[in-house]
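Each remark here refers to the structure printed beneath this line.
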Number of protein chains: 2
Amino acid sequence: MTAPSAARELAHPAREGIRLEAVLHALSDPLRLGLVRDLDAAQSELSCSHFDLPVTKSTTTHHFRVLRESGVVRQVYRGTAKMNVLRRDDLDALFPGLLDSILAAARAQEDRRAADCRPPRARQG
Amino acid sequence: MTAPSAARELAHPAREGIRLEAVLHALSDPLRLGLVRDLDAAQSELSCSHFDLPVTKSTTTHHFRVLRESGVVRQVYRGTAKMNVLRRDDLDALFPGLLDSILAAARAQEDRRAADCRPPRARQG
DNA sequence: TTCGTAGTAAGGCGATTGTCAAACTTAGAA
DNA sequence: TTCTAAGTTTGACAATCGCCTTACTACGAA
């Protein structure tokens with residue numbers, strides 16, 4: 001007899017409440033940066049359980065909360081799942097180009113890492 | 001009788017050793033982000049003592065070391081002073097557009113903050 | 001109603017962070 | 001040589017972080 005799903009609202013900062021320092025801090029953790037990369041690539045909302053992370057469920061909850069409270073993602077409950085989307089519109093409005101250049105930087109770094117571990121004959125295959 | 005100033009070399013990561021996560025972490029501190037903004041605006045090297053910071057000398061040393069060890073600034077001794085420059089070339093080569101978009105974001109945030117505290121009649125002056 | 005899956009909350013643990021005070025070093029000026 | 005300004009080092013402190021375990025809640029399916 002509770003209001004339908006009103007009990008499971010999640011607190012998000014308003015667009016104007018999003019702080020650059022908090023965003024940079026949220027993205028400075030490798031695991032969280034990976035989540036954001038995946039969310040960006042997916043172009044759709046993903047549940048927390050979609051990700052196969054090397055940490056426990058409660059640590060996963062912690063990381064998603066950091067992303068939500070810093071304004072990087074928006075989270076909503078959908079049945080028993082909690083769905084996550086990048087707050088691209090808000091971030092682009094506040095900090096034009098920031099998210100894209102960070103994601104591009106992450107890709108560039110990943111590409112260099114892959115190139116360094118290139119197998120001996122890879123160049124000629 | 002030591003080699004002239006060889007004793008005061010500072011360790012810096014090579015360009016390839018600069019990690020995105022470390023850069024984002026370094027810039028996620030408001031005081032350090034401010035230092036980087038000033039260094040960018042100055043377009044020249046600045047000594048540590050040039051900055052008027054609300055912390056002690058040893059805390060200042062700490063913050064500049066974080067910036068140096070993450071690859072954001074390059075530091076050299078010049079007499080008794082320690083000069084700082086942004087490693088713009090290295091950062092731009094590794095992460096094109098990243099530094100500029102972070103600096104632009106910092107400026108945008110600052111501008112909004114200033115606009116929010118705008119005095120009553122400012123619009124019409 | 002019972003059960004399983006998704007996620008939360010509380011608490012603890014070791015490492016890191018931002019800060020300081022105090023004592024020290026280094027280089028240039030008097 | 002002495003003094004001073006700039007920066008370092010050490011050690012401390014409280015706060016935060018990333019992580020875990022254990023116990024819990026919320027929802028949907030059987």
Side-chain angles (χ1 to χ4, degrees), chain A residues 1-12 19 21-36 39 45-70 72-85, chain B residues 1-12 19 21-36 39 45-70 72-85:
Chain A
M1 203 41 76
T2 54
S5 83
R8 299 242 273 171
E9 292 297 314
L10 291 159
H12 291 80
R19 300 277 310 158
E21 295 86 345
V23 170
L24 296 180
H25 170 251
L27 299 181
S28 72
D29 179 273
L31 191 145
R32 289 193 294 259
L33 184 56
L35 295 180
V36 170
L39 284 172
E45 54 178 34
L46 298 176
S47 69
C48 294
S49 60
H50 164 272
F51 300 89
D52 188 23
L53 302 173
V55 294
T56 63
K57 278 195 303 175
S58 47
T59 301
T60 302
T61 297
H62 160 70
H63 283 300
F64 273 109
R65 183 174 40 204
V66 171
L67 289 174
R68 170 168 48 85
E69 292 181 344
S70 62
V72 175
V73 307
R74 193 172 289 280
Q75 298 189 291
V76 304
Y77 284 105
R78 194 93 66 218
T80 152
K82 193 193 220 170
M83 309 304 291
N84 303 271
V85 230
Chain B
M1 202 47 72
T2 51
S5 83
R8 299 241 273 172
E9 293 295 315
L10 291 159
H12 290 80
R19 301 274 311 159
E21 294 86 344
V23 171
L24 295 180
H25 170 250
L27 299 181
S28 73
D29 180 273
L31 192 144
R32 290 194 294 261
L33 184 56
L35 295 180
V36 170
L39 284 172
E45 54 178 35
L46 297 177
S47 69
C48 294
S49 61
H50 165 271
F51 300 90
D52 187 25
L53 301 173
V55 294
T56 63
K57 280 196 300 178
S58 48
T59 301
T60 302
T61 297
H62 159 72
H63 284 299
F64 273 110
R65 182 175 42 207
V66 171
L67 288 174
R68 170 168 47 84
E69 292 180 344
S70 63
V72 175
V73 307
R74 194 172 289 282
Q75 297 189 292
V76 304
Y77 283 106
R78 193 99 60 219
T80 150
K82 192 191 219 170
M83 309 304 292
N84 304 271
V85 230

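Letters go in sequence order (proteins before strands), and every chain restarts at 1. Just so we're clear, the structure is a prediction, and the values are computed from it rather than from any experiment.
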(message) I want to check one thing: is the phosphate of C:dC20, taken as OP1 and OP2, less than 4.0 Å away from some side-chain N or O of B:T56?
(response) yes
(message) Could you tell me how far apart A:L31 (CG) and D:dC20 (C1') are, to the nearest whole angstrom?
(response) 15 Å
(message) Once you apply a heavy-atom cut-off of 4.0 Å, does B:H50 come out as touching a base, just sugar-phosphate, or nothing?
(response) nothing
(message) Without decimals, in angstroms, what is the distance between A:H25 NE2 and D:dA15 P?
(response) 17 Å
(message) Check this one for me: any side-chain N or O of B:S58 less than 4.0 Å away from OP1 or OP2 of C:dC20?
(response) no
(message) In whole Å, I'd like the distance from the NE2 atom of A:H62 to the C1' atom of D:dC20.
(response) 12 Å
(message) Please tell me if A:R78 has a side-chain N or O lying less than 4.0 Å from either OP1 or OP2 of C:dA6.
(response) no
(request) Compare side-chain N and O positions of A:S49 against OP1 and OP2 of C:dG7 and report whether any pair is under 4.0 Å apart. (result) yes
(request) To the nearest Å, give me how far apart CG (A:L46) and P (C:dG7) are. (result) 11 Å
(message) What is the distance, to the nearest angstrom, from the CG atom on B:D29 to the P atom on D:dC17?
(response) 12 Å
(message) Distance check needed: D:dT25 P versus A:Y77 OH, whole Å only.
(response) 14 Å
(message) Less than 4.5 Å apart, side chain to side chain, heavy atoms only: is that true for B:V66 and B:H62?
(response) yes
(request) For B:K57 and C:dG18, give me the distance from atom NZ to atom C1', rounded to whole Å. (result) 19 Å
(request) Could you tell me whether the side chain of A:H50 reaches within less than 4.5 Å of the side chain of A:E45, counting heavy atoms only? (result) no
(message) For a quick check of understanding: with a heavy-atom distance under 4.0 Å over all strands, which category does A:F64 fall into, base, sugar-phosphate or nothing?
(response) nothing
(message) Mind checking if B:T60 touches a base, just sugar-phosphate, or nothing, with heavy atoms under 4.0 Å?
(response) nothing
(request) Using atom CG of B:D52 as one end and atom C1' of D:dA6 as the other, report the distance to the nearest whole Å. (result) 15 Å
(request) Just compare D:dA6, C:dA6, C:dT19 and give me whichever is closest to any side-chain atom of B:H63. (result) C:dT19
(message) With heavy-atom distances below 4.5 Å as the criterion, would you say the side chains of A:L53 and A:L35 are in contact?
(response) yes
(message) At less than 4.0 Å, is any side-chain N or O atom of A:R65 found next to OP1 or OP2 of C:dG7? Yes or no.
(response) no
(message) Counting only side-chain heavy atoms from C-beta out, which of C:dG18, C:dC20, D:dC19 sits nearest to B:T59?
(response) C:dC20
(message) Given 3.5 Å as the limit, does a donor-acceptor pair link the side chain of B:N84 with the main chain of B:Q75, or not?
(response) no
(message) Among B:L24, B:V23, B:D29, which residue satisfies the side-chain contact (heavy atoms from CB on, under 4.5 Å) criterion with B:L27?
(response) B:V23
